[in-house]
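Written below as structure tokens is the structure these notes are about.
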There are 2 protein chains.
Amino acid sequence: MRRERYKWAIMDNGQLKLENQFCFRLYSAARLMMGAYHPYLDPLGITYPQYLVLLVLWEQDKQPVCDIGKRLLLDTNTMTPLLQRMEKAGLITRTRGKEDTRQRIVSLTKQGRALYEQAQHIPEDMRKAVMMPESKMEEFLQMIPLLDQLIEALKKLNA
Amino acid sequence: MRRERYKWAIMDNGQLKLENQFCFRLYSAARLMMGAYHPYLDPLGITYPQYLVLLVLWEQDKQPVCDIGKRLLLDTNTMTPLLQRMEKAGLITRTRGKEDTRQRIVSLTKQGRALYEQAQHIPEDMRKAVMMPESKMEEFLQMIPLLDQLIEALKKLNA
DNA sequence: TTTATTTATATCGCTTGCGACATTAAAATA
DNA sequence: TATTTTAATGTCGCAAGCGATATAAATAAA
């Protein structure tokens, strides 16, 4: 009994409590945020990761799998099945690279390109839905450079 | 051509670019952060979500599934299989509730409790590994109240 | 030019996460 | 008490993620 209390005193400073877990907050916020996209992505028939792929392709069509993966920080073991599903859904095509025959060039179909118009309102709608008091916006945006720093540090760490 | 440019001008203000996606940052940071836990969780033979369950049980043993789920913001369709795997791994037991026979009371096994000691160093190790310059710590911690606000807003939104 | 190495993609297996739905028991209401 | 509603758990199916591993093509090195 006394040993238990002693152990607590020297070992546990509360860092193993859920409330003190920075990562849990990140993990929860990310999950809930993806959930908040549902009302806007369901009508388009796409998931959030598929939306991310489309964002990349809308910026620049006809990219090899690895380039898209680099933007999204996802490896091919995630990208390939994801893209296969999008191909089956008629949003993209995957053709062999001409110069580098190993590559798969991902291109938007007419349908995939058409979704761009329907997606226009999403960022604004999400902003309104989530960061309800408009005044809070600036506070939330403060996180962006911090998240970017964190991501850069983690990219190196996981490399 | 001119129509394209016009459309761009009125519809696209760059919000559909990946760099302007707040959620993508959250999503990436959360994934990379979980990846950063691997070196510390693999030796314990647990995954990050399993670690979260243990955090909750280490705070308070013998809880029904729904209470753990409420803490982790996860529904039973996620919790049940997760707990079944943890039971199979010998970390917990799942017994029927006495007062409320619908409930499954989740209890730590000796093995599950023993992991508490081995987990003591994890928070500090993660901090050192990820937020490398100690000076940056305070900046990162600024995100906590903002993430909490965001999570609360999203909980209501997804409810 | 062989040979070794790296790169791009893919497959397999397993854990999560979650929408949809089913089941049973507790609680509330008629 | 009988009935309705709610709550706790579970199953099913599918989309992600990701470690491990395979394959083939491009590149570098010997």
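Naming convention: chains lettered A, B, ... in sequence-line order (proteins, then strands); numbering from 1 in each chain.
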Short side-chain N/O contact to dG10(D) OP1/OP2 from Arg104(B), under 4.0 Å: yes
Output the rounded distance in Å from CZ (Arg94(A)) to C1' (dA10(C)). 9 Å
Does Thr80(A) make a side-chain N or O approach to OP1 or OP2 of dA10(C) shorter than 4.0 Å? yes
Would you call the rings of Tyr27(B) and Tyr48(A) parallel, tilted or perpendicular, where under 30° means parallel and over 60° means perpendicular? perpendicular
Can you confirm whether the side chains of Arg71(A) and Gln63(A) place a donor and an acceptor under 3.5 Å from each other? no
Flag, side chain of Thr101(B) to backbone of Gly97(B), donor-acceptor distance under 3.5 Å: no
Does Thr47(A) reach a base, just sugar-phosphate, or nothing at all? Heavy atoms under 4.0 Å. sugar-phosphate
Tell me the interatomic distance from Leu72(A), atom CG, to dA15(D), atom C1', rounded to whole angstroms. 16 Å
Are Leu26(B) and Phe140(B) connected in a single hydrophobic cluster, I mean Ile/Leu/Val/Met/Phe/Trp/Tyr linked by side-chain heavy atoms less than 4.5 Å apart? yes
Where along residues 82-91 of chain A does a heavy atom fall under 4.0 Å from DNA chain D? Leu82(A), Arg85(A)
Sub-3.5 Å donor-acceptor pair from the side chain of Gln111(A) to the main-chain atoms of Gly90(A), do we have one? yes
Using whole Å, report how far OH of Tyr48(A) lies from C1' of dA16(D). 14 Å
Among dT9(C), dT9(D), dA16(D), the one nearest Gln50(A) by side-chain distance: dA16(D)
Taking 4.0 Å as the cut-off, does a side-chain nitrogen or oxygen of Tyr27(A) come that near to OP1 or OP2 on dG17(C)? yes
Between atom CG in Leu41(B) and atom C1' in dC18(D), what is the gap in whole Å? 15 Å
Does the side chain of Gln50(B) pick up a donor-acceptor pair with the side chain of Arg85(B) at under 3.5 Å? no
Qualifying residue, where the test is side-chain contact (heavy atoms from CB on, under 4.5 Å) with Val65(A) and the options are Leu82(A), Thr76(A), Ile105(A): Thr76(A)
Looking at residues at least two apart in the chain, or sitting in another chain, which of them share a salt bridge (Lys or Arg N to Asp or Glu O under 4.0 Å) with Arg94(A)? Glu87(A)
Per Val65(A) side chain, nearest of listed nucleotides dG17(D), dA10(C), dG10(D): dA10(C)
How many Å lie between NZ on Lys70(A) and C1' on dT9(C), as a whole number? 12 Å
Tyr37(B) OH to dG17(D) C1', straight-line distance once rounded to whole Å: 18 Å
For the pair made of CZ in Arg96(B) and C1' in dA8(D), what is the distance, rounded to whole Å? 9 Å
In terms of the angle between their ring planes, are Trp58(B) and Tyr51(B) parallel, tilted or perpendicular, with boundaries placed at 30° and 60°? perpendicular
Heavy-atom protein contacts under 4.0 Å, nucleotides 18-25 of chain C, coded B base, S sugar-phosphate only, - none: BBB----B
Spacing between Gln103(A) atom CD and dA10(C) atom C1', to the nearest angstrom: 15 Å
